[in-house]
There are 2 protein chains.
Amino acid sequence: MANQELRQDESLSALMERGNVFAAQCPSREVLKHVTSRWGVLVLVALLGGTHRFSDLRRKIGGVSERMLAQTLQWLEQDGFVLRTSYPVVPPHVEYSLTPLGQEVGLRVEALADWIQEKLPNILAAQQADA
Amino acid sequence: MANQELRQDESLSALMERGNVFAAQCPSREVLKHVTSRWGVLVLVALLGGTHRFSDLRRKIGGVSERMLAQTLQWLEQDGFVLRTSYPVVPPHVEYSLTPLGQEVGLRVEALADWIQEKLPNILAAQQADA
DNA sequence: TAACTTTTAGTAAGTACTTACAGAAAGGTA
DNA sequence: TACCTTTCTGTAAGTACTTACTAAAAGTTA
């Protein structure tokens, strides 16, 4: 059983460099948490549509508080997914956009969100079925 | 501004049937929460690899408690993504697998998780860069 | 009879996520 | 001077998520 974990085409070092979401201590877990967080998903999808200012995002994403939006943006910025551009004017003017890395995750996240939106009727029907 | 929300090719009723994750009260938000929950992602990816018993999942998914695994499986079962098959024996024998709907979400979630695993080195490098 | 098996419920306790609200910054407007 | 603007940051308070632990069911094995 134990050595089944090593596949033929992957060396041990290759596995270590890759990240393993099933391992509790793997740093990929944190990244996954940020990306799939309640507001992270929506921020990524929104920014896929282009650069947004803070308040644009706040308006677009129904239900976010300023506090949570700010925190989520910081997470995504630290992971290298979001680029924050601040103009030194008063009142503040800050723009958020996706980095190339951010666009890649964004596309995956959007694919998931879109699927759920499209299949919502089927899902709701399934929920009724076994209720 | 207000009427820009209606696109030419989509009637109002079509929009309502589709679900909109940006709307705070849309039921798709709940589904999204279950699918992207801390353990939901991992359960879906694990089950994509085939039917698993409860304790198999617990072993495979590093860090889950029995309590959370059970709750997550119930969420996904109610949304129609997971099929629970219970054999009336003692001690209990229960098998979990994906429904056709579950396989569809599973693939999207797996695409996201795989991307993060593969790009982890790049992400960690990006984190270092602005730290 | 005591102990072990597997899956899940229930409880209390702890941690993390979220919200609501007040405040700061510095220039333009009334 | 009083107030408005935008983007945040603290603070306190509330809610939700997680864990650890106890317990049940009913046969099989020691």
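We name chains A, B, ... by the order of the sequence lines, and we start the count at 1 in each one.
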Discussion item. Side-chain N or O of S55(A) versus OP1/OP2 of dT7(D): is the shortest distance under 4.0 Å?
Written reply: yes
Discussion item. Counting only side-chain heavy atoms from C-beta out, which of dT9(D), dT18(D), dT7(D) sits nearest to A70(A)?
Written reply: dT9(D)
Worksheet item: Which of these nucleotides, dT7(D), dT18(C), dC8(D), is closest to any side-chain atom of P92(A)?
Response: dT7(D)
Worksheet item: Would a 4.5 Å heavy-atom cut-off, applied to side chains only, mark V94(A) and Y96(A) as touching?
Response: yes
Worksheet item: With distance as the sole test, does T99(B) use its side chain to make a donor-acceptor pair with the main-chain N or O of F81(B) at under 3.5 Å?
Response: yes
Fill in: Nucleotide dC17(C), atom C1' - distance to CG of L69(A) in whole Å
15 Å
Fill in: Nearest-Å distance for atom pair CH2/P, residues W39(B) and dT19(D)
5 Å
Item to complete: Could you state the atom-to-atom distance from CZ of R53(B) to P of dT8(C) in whole Å?
Response: 10 Å
Fill in: Residue R67(A), side-chain heavy atoms: nucleotide from dT7(C), dT7(D), dT19(C) that is nearest
dT19(C)
Practice prompt. Look at the rings of H34(A) and W75(A) and say which category their plane angle falls in: under 30° parallel, 30 to 60° tilted, over 60° perpendicular.
Written response: parallel
Practice prompt. Identify whether any heavy atom of Y96(A) sits under 4.0 Å from a base atom; if not, whether one sits that close to sugar-phosphate; answer base, sugar-phosphate or nothing.
Written response: sugar-phosphate
Worksheet item: If you look at every heavy atom in V45(A) and E110(A), which pair is closest and at what distance?
Response: CG2-CA, 3.9 Å
Response to the item:
Which of dT18(C), dT7(D), dT6(C) is nearest the side chain of F54(A)? It is dT7(D)
Discussion item. Rounded to whole Å, how long is the line connecting atom CG of L73(B) with atom P of dT7(C)?
Written reply: 11 Å
Worksheet entry | Between dC4(D) (P) and H93(A) (NE2): distance, integer Å | 23 Å
Practice prompt. Grab the CD-P distance between E95(B) and dT7(C) for me, whole Å please.
Written response: 10 Å
Discussion item. Between D56(A) and R59(A), does any side-chain N to carboxylate O distance fall below 4.0 Å?
Written reply: yes
Worksheet item: So what does R58(A) touch, heavy atoms closer than 4.0 Å: a base, only the sugar-phosphate, or nothing?
Response: nothing
Worksheet item: Is the phosphate of dT7(C), meaning OP1 or OP2, less than 4.0 Å from a side-chain N or O of S86(B)?
Response: no
Worksheet item: Which part of the nucleic acid, if any, lies within contact of E66(B), taking any heavy atom under 4.0 Å across all strands shown: a base, the sugar-phosphate backbone alone, or nothing?
Response: base
Discussion item. If you assign each of Q71(B) and K33(A) to its closest nucleotide in DNA chain C, which residue comes earlier from the 5' end?
Written reply: Q71(B)
Discussion item. What is the separation between atom CD on Q74(B) and atom P on dC17(D), rounded to the nearest whole Å?
Written reply: 14 Å
Worksheet item: In whole Å, what is the span from the CZ atom of R38(A) to the P atom of dA16(C)?
Response: 19 Å
